[in-house]
2 protein chains.
Amino acid sequence: MEQQVSKSSTDSADADSGAEAAVGTSIGAAKSTSGSQSLADRLFLTLRSEIVEGRIAAGSKISEPELARRFDASRGSLREALMRLESLSLIERRVNVGARVVDLTERGLLEIYDVREALEGMACRLAAENRSEEDLVELRQMLERHEQQEELQKGTAYYQPEGDFDFHFRIVQASGNDLLIDTLCNKLYFRVRMYRYQLGMASPRAHRAFREHSHIIEAIEAGDGELAEILMRRHIRASRSNIENKLSKQN
Amino acid sequence: MEQQVSKSSTDSADADSGAEAAVGTSIGAAKSTSGSQSLADRLFLTLRSEIVEGRIAAGSKISEPELARRFDASRGSLREALMRLESLSLIERRVNVGARVVDLTERGLLEIYDVREALEGMACRLAAENRSEEDLVELRQMLERHEQQEELQKGTAYYQPEGDFDFHFRIVQASGNDLLIDTLCNKLYFRVRMYRYQLGMASPRAHRAFREHSHIIEAIEAGDGELAEILMRRHIRASRSNIENKLSKQN
DNA sequence: CCAACCAATATTGTCGACACTTTTAAAGTT
DNA sequence: AACTTTAAAAGTGTCGACAATATTGGTTGG
C-alpha cells in the first residue's frame, strides 16, 4: 500500500546523496543498473537530498529550464520530480509563477513538533501493543549501540542527532500502522531533517535523551502502551521546549 | 504555506463534484471563468471527486489514454493530476505498469482511525488553547444547527454524516496549526470520505455523537486543552469501535 | 524625480510524437 | 490439451516544440 521504506533511517538519506558529487553529473547514467525506477524518480531523490541538506537554499526560486539543463533531462521529467517534492512540502508551487524551496520558519518548526508529538505518541503506543519479538531485539540492540557511542563521545561538544533519528524511525516502524509509517518516515521526517541540517540542531541533550529513550523502550517491552505513549510525548515535548528556548535566545 | 482550505467542509466537496454531470464533459471550458488554476488542477479536482464517490471504482485500473480522451486533455496534464492523486494515496502507481485506484480494506480504515485519534486529539487540544472569539462563536452556532437538524430527523433511519464532518473540520481549523490543518483537511479527510461514501458508514450513533460533540466544545470554551484532547480521542475511538463491530458482524 | 504604461524577454502550461516496457494473443512444440 | 516461445498490440516514460502567462526593463507622461 505504501512506498518503500528502508530499514534504517540513515541509509535512506545517504544512499542517494552519495550518488551525485559533482554538479553537472548526469542522472540518466544509472539507467540499466538499478532496475525499476524512472528518471523522474532519480531526479526526485537527488533534489530531495539537495534541498534537505541546503545545497539548494531554502526560500530560493527554482528554475525549471536551468535544472533541466543541469541534469540533462527534459522539463517534463523534472516537473514530475518537482511535484513529488511539493507533496512533501519541500517546495511550493504557484500556477504560472513557479516553484520555490520552502523557507524555514520558527513557527513551521514548532508546528512539526506538535504533529510529531501526536503521531509518534500514537506510534509508540501501537508499538507497545503490537510489538513482535524481532522488534524488541532490534530496539534493544540499537539502544546498546547508542550507549556505546555515547561513552565514546563523552565530553565532546556536540551530539550527532543520527542516533536520535534511528530511535524514532525504528519505533514508528514497529507500530505496524502503514499509514503512520508512511506519513512520518516518508514525508514528515524529511522536513525534520531539513531543519536539523540547516538550523544545526545540535542538542546538548545527549545524555538525557538516552535515558528517555531507555525508559520508552522499557515501556514497550512491558507492553504498556499507555505509558509508552506518555513517555514519548514528554520526550518530544522536551525537545520542543529545548528548541523554543534556543530560538528565543537568538532573537 | 499550505494550500487553499475552504471555510466549510461541505462546499469543498460539492464545488467540484457538481461541475461535472455528464461523462464526456470537457474540463477546459472553465478556462476564463475561475481565475488561476491550471487544467491539471481541474482534472485533479474532478478525478478526486469521482474516486471519492466511487464513480471510478476502488481497485480499478486507470488508463491514461482513455481518461485523456474522455476529458479531451493531453496525457501530460492528466499525468500531473494522477500524481497529485497519488500523493493523497487515492491511487497507486507502479513504474511502467500504471495506476490503480486504491482498494478499501478493513485494515486501512482502522489505520486511519488511529491516525485521526492522534492528530485530531492534538488539534482539539490546540483549539482549546489558542481559540479565538470568532472560532468559539462559529463552533457554538454549528452545534445549534446540528441540534435542530437532529430534532427534525428524529426517528429517521439513518444519520447523514455531514454534520459530523463539519464538526471535525471546524475544530481542526481552530487549531491554528497549518501543518495539522493541511494533513487532515487537504489529505486524510478525502480518504475518510471515500470510505464513508463507498462503505456507507451510516452510523446510528447520531444522538450519542451529538452529546459528545457538545462536551468537546464545552471543553474548548473552557480553555481546557487536556480535557478537550481526551474527549476527542474517546469520541473517535468510540467511532472506531462501532465500525469494528459492524465489520466483524459482516464477516 | 516618480509613477504608470508598454514592449521584450523569460518562464510556465500544454500538447503531440517517439522510445521503451509490459501485457496480450497467437503460433508452435512436447 | 498444456506449456513455452514469439510477435503484435497497448500502455507508460521521455522528449522537444508551441501557446499562454508572468516578469523585466525601458519609455513616456505627469
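Reminder, nothing fancy here: chain letters follow the sequence lines and each chain counts from 1.
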Given atom CZ of A:Arg69 and atom P of D:dC15, what is their separation to the nearest angstrom? 15 Å

From CD of B:Glu86 over to P of D:dT12, roughly how many Å is that when rounded to an integer? 13 Å

Kindly say whether A:Gln37 contributes a backbone atom to a donor-acceptor pair with the side chain of A:Arg42 at under 3.5 angstrom? yes

Does a donor on one side chain sit under 3.5 Å from an acceptor on the other, for A:Ser239 and A:Asn242? no

Give me, pair by pair, the N or O atoms of the protein and of nucleotides 10-13 of chain C that are less than 3.5 Å apart, along with how far apart they are.
| from | atom 1 | to | atom 2 | distance (Å) |
| --- | --- | --- | --- | --- |
| C:dT12 | OP1 | A:Lys61 | NZ | 3.4 |
| C:dT12 | OP1 | A:Ile62 | O | 3.4 |
| C:dT12 | OP2 | A:Glu64 | N | 3.4 |
| C:dG13 | OP1 | A:Asn96 | N | 3.3 |
| C:dG13 | OP2 | A:Arg79 | NH1 | 2.4 |
| C:dG13 | OP2 | A:Arg79 | NH2 | 3.3 |
| C:dG13 | OP2 | A:Arg93 | NH2 | 3.4 |
| C:dG13 | N7 | A:Arg75 | NH2 | 2.8 |
| C:dG13 | O6 | A:Arg75 | NH1 | 3.0 |

Please examine the side chains of B:Glu106 and B:Ile243, heavy atoms only from C-beta on, and report whether any two atoms are closer than 4.5 Å. no

Protein-nucleotide distance (A:Phe44, atom CZ; D:dG13, atom C1'), rounded to Å: 18 Å

Should the ring pair A:Tyr189 and A:Phe169 be called parallel, tilted or perpendicular, given that the plane angle runs from 0 to 90° and is split at 30 and 60? tilted

Any side-chain heavy atom of B:Thr105 within less than 4.5 Å of one from B:Tyr195? yes

Integer-rounded Å distance: D:dA20 P and B:Gln37 CD: 18 Å

Mind checking what makes side-chain contact (heavy atoms from CB on, under 4.5 Å) contact with B:Ser132, not counting sequence neighbours? B:Glu134, B:Asp135

